[in-house]
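Reading through the structure tokens given below for one structure.
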Amino acid sequence: MPDRNSCPSLVQTAVPDLGTYMAMDTVEGSSRFGRVTAWDGDLVHLVPPGGGAEWTAAPTALRRPNEEECARIRVLTSPVPTVTP
């Protein structure tokens with residue numbers, strides 16, 4: 001399984017690998033990111049970077065994130081160090 005900050009390779013597959021992050025363009029014109037957690041028939045289950053409510057999408061509605069989007073995903077999934085006074 002890819003590490004938790006993984007963006008998919010340049011080769012697009014019909015169903016993305018578990019653990020990879022995918023992007024989905026929304027009706028509002030923005031992108032929604034999610035880590036693939038499971039497949040259920042014709043749907044892919046995703047969880048937003050950093051956690052949140054799971055959502056589903058058809059594999060055809062997903063695309064691999066571009067470099068800028070991968071950088072944003074890395075920021076959202078990187079742990080924040082604890083600061084002690």
Side-chain angles (χ1 to χ4, degrees):
M1 175 185 273
D3 68 54
R4 66 184 180 84
N5 290 338
S6 179
C7 283
S9 69
L10 295 176
V11 178
Q12 186 74 15
T13 59
V15 178
D17 293 331
L18 289 174
T20 58
Y21 279 91
M22 299 299 290
M24 184 177 92
D25 296 323
T26 64
V27 181
E28 297 83 23
S30 60
S31 296
R32 185 174 190 185
F33 308 114
R35 183 176 49 85
V36 177
T37 59
W39 305 287
D40 182 16
D42 293 335
L43 295 176
V44 177
H45 295 257
L46 303 108
V47 174
E54 183 177 80
W55 51 283
T56 58
T60 55
L62 300 173
R63 61 174 175 79
R64 66 181 190 277
N66 61 34
E67 288 301 316
E68 181 181 319
E69 292 168 334
C70 282
R72 288 180 21 203
I73 290 168
R74 280 190 295 276
V75 168
L76 292 170
T77 57
S78 295
V80 177
T82 305
V83 177
T84 55

Exercise for the section: For the pair Arg72 and Phe33, evaluate side chain to side chain contact (heavy atoms under 4.5 Å, CB included) and give the outcome as yes or no after the intermediate values. Expected result: CA-CA 10 Å; Arg72 288 180 21 203; Phe33 308 114; 3.2 Å; yes

Exercise for the section: Say whether Arg35 and Thr77, considering side chains only, have a donor N or O and an acceptor N or O under 3.5 Å apart. Expected result: no

For residues 43-55, dump all side-chain donor-acceptor pairs below 3.5 Å to protein atoms at least two apart in sequence or in another chain.
residue, atom, partner, partner atom, Å
His45, ND1, Glu54, OE1, 3.2
Glu54, OE2, Thr37, OG1, 3.1

Handout entry: Distance, nearest 0.5 Å, that separates OH of Tyr21 from CG of Leu76
Key = 8.5 Å

Practice task
Output the distance between atom CD1 (Ile73) and atom OG (Ser31), rounded to the nearest 0.5 Å.
Solution key: 9.5 Å

Handout entry: Minimum-distance pair of heavy atoms, taken over all atoms of Leu18 and Ala38
Key = CD2-N, 3.6 Å

Exercise for the section: Would you mind checking if Arg63 and Glu69 are paired as a salt bridge, meaning a charged N to carboxylate O distance below 4.0 Å? Expected result: yes

Exercise for the section: Using atom types as modelled and distance alone, determine if a side-chain donor or acceptor of Trp39 lies under 3.5 Å from a backbone N or O of Pro16. Expected result: yes

Problem - Thr26: partners by side chain to side chain donor-acceptor pair (under 3.5 Å), with sequence neighbours left out - result: Glu28, Ser30

